[in-house]
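In what follows, every heavy atom counts, from backbone to side chain, and hydrogens, waters and symmetry copies are set aside.
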Amino acid sequence: MKEDLSKVREYLINDRKLNPDIVNTLMSKGFIRQDERNNAVYTWVNNGEIVGHNSEGSYKKKDGGRYKHIASGANQKFGFSFKTSPNKDIRNIYFFESEVDAISYASLNGLTPNSKYVSMRGVNNPSIIYKQILEVGQNTGKTPNVVYAVDNDEAGLKFNQDKIENNLVHREHGEMPIYFAVPPKRENVKDWNDELVRRNGHPYEQHERNIPLSKQQYLQNYRNRESSRGIEME
């Protein structure tokens, strides 16, 4: 019997405005599923092996929030992720606060070749970052470019500042290259899904696409914004 994915597909495509092709591909590979309560289930995969999953409600509860759950026994060093090349060819790792934000960024900007998109489930899971970087290094023999693409809010800005002050250092290759992809600061927009919903699912034109900022570019942008409008950033 074919798995019913209709409620989750409707939620992700119609409500969250995610790119249908990306959603359908992830569903066909079993990365996104639907449970008996019509929650979206995001599978965590490590080298082809399922090591856990988390669930998110496809509808809002009476208090306005959504059901969220992490499966018991899940390996907390992993999370939902998808990639655009085999492990040996990964050159970039993008880190997001949620599964929907990761897919939203790809929906807006298109999929970047040789890249992996990872949900950290918030900004307080450093073990996910370290594990992903370690694995890519082991598979490729190189240090990847790390792109932090967290929310443009107080918690996200603090996260980015911490990553600047405590940058990753490889014991052989030295300081690792880090970049920042910052959602545009607009009314009612703090994350990549907010931006996608604002655009009613329409992707960026080529000239609009996000170009991750280097540490130096981010600091310059941050200081300019801080001097004129507090900590808000474009």
Side-chain angles (χ1 to χ4, degrees), residues 3 5 8 12 16 18 22-23 25-35 39-58 66-107 111-151 155-156 159-160 162-163 166 168-171 176 178-179 181 191-193:
E3 182 180 12
L5 299 167
V8 169
L12 294 177
R16 295 297 196 127
L18 301 181
I22 297 176
V23 170
T25 298
L26 292 171
M27 285 183 164
S28 70
K29 293 179 179 295
F31 290 170
I32 300 177
R33 307 185 72 169
Q34 178 177 307
D35 68 12
N39 298 309
V41 178
Y42 300 102
T43 305
W44 310 352
V45 178
N46 175 37
N47 292 323
E49 178 186 354
I50 296 176
V51 295
H53 70 263
N54 63 294
S55 305
E56 176 190 56
S58 58
R66 293 186 185 276
Y67 168 82
K68 293 183 182 295
H69 175 72
I70 295 176
S72 60
N75 188 331
Q76 297 288 335
K77 292 183 179 180
F78 293 90
F80 171 80
S81 66
F82 58 96
K83 58 191 178 183
T84 58
S85 70
N87 288 334
K88 64 182 180 64
D89 297 324
I90 298 294
R91 298 291 179 266
N92 314 293
I93 311 179
Y94 291 78
F95 290 102
F96 301 86
E97 290 192 36
S98 75
E99 301 77 24
V100 165
D101 280 337
I103 305 172
S104 295
Y105 184 89
S107 298
L111 291 163
T112 304
N114 306 110
S115 298
K116 190 170 189 179
Y117 298 76
V118 180
S119 167
M120 301 183 292
R121 304 190 309 279
V123 293
N124 296 310
N125 288 305
S127 61
I128 292 179
I129 297 173
Y130 300 141
K131 184 67 174 176
Q132 291 292 336
I133 292 173
L134 177 64
E135 290 210 342
V136 169
Q138 290 173 339
N139 289 327
T140 65
K142 300 177 181 179
T143 56
N145 298 310
V146 175
V147 183
Y148 297 118
V150 298
D151 296 357
F159 173 91
N160 288 343
D162 176 72
K163 297 310 173 190
N166 301 283
L168 299 162
V169 179
H170 191 278
R171 63 172 178 263
M176 297 180 60
I178 62 172
Y179 298 85
D191 60 35
W192 294 110
N193 187 243

Side chain [X], main chain [Y], donor-acceptor under 3.5 Å:
X: Thr84; Y: Thr112; value: yes
X: Ser115; Y: Pro113; value: yes
X: Thr43; Y: Gly30; value: yes

query: Which residue pairs satisfy the side-chain hydrogen bond (donor to acceptor under 3.5 Å, both in side chains) criterion with at least one member in residues 126-140, sequence neighbours excluded?
result: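 The answer is Lys116-Gln132.
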Is the shortest heavy-atom distance from the side chain of [X] to the side chain of [Y] under 4.5 Å?
X: Ile103; Y: Leu12; result: no
X: Met120; Y: Phe159; result: yes
X: Val150; Y: Asp101; result: no
X: Val123; Y: Glu97; result: yes
X: Arg121; Y: Gln76; result: yes
X: Asn54; Y: Trp44; result: yes
X: Ile50; Y: Phe78; result: no

query: Sequence neighbours excluded, which residues qualify as salt bridge (Lys or Arg N to Asp or Glu O under 4.0 Å) partners of Lys29?
result: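 Partners of Lys29 by the salt bridge (Lys or Arg N to Asp or Glu O under 4.0 Å) criterion come out as none, since no residue qualifies.
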task: Please determine, by modelled atom types, if Asn114 and Asp89 share a side-chain donor-acceptor pair under 3.5 angstrom.
output: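 Checked: Asn114/Asp89 side chains show no N/O donor-acceptor pair below 3.5 Å.
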message: Heavy-atom count check: over 12 atoms from other residues, nucleotides or ligands less than 6.0 Å from Asn124 CG?
response: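 Not more than 12 within 6.0 Å, no.
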- prompt: Has Arg91 got more than 12 heavy atoms of other residues, nucleotides or ligands less than 6.0 Å from its CZ?
  reply: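 Yes - once you tally the heavy atoms of other residues, nucleotides and ligands closer than 6.0 Å, there are more than 12.
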message: Can you tell me how the ring of Tyr105 sits relative to the ring of Tyr117, calling it parallel under 30°, perpendicular over 60° and tilted otherwise?
response: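 Ring orientation, 0 to 90° scale: tilted.
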- request: Assign the ring pair Phe82 / Phe80 to parallel, tilted or perpendicular, where the plane angle (0 to 90°) is split at 30° and 60°.
  value: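 Because their plane-to-plane angle lies in the 30° to 60° range, the rings of Phe82 and Phe80 count as tilted.
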- request: Looking only at non-hydrogen atoms, find the nearest pair between Ser55 and Asp35 and report the distance.
  value: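 Shortest heavy-atom separation between Ser55 and Asp35 comes out as OG-OD2, 4.5 Å.
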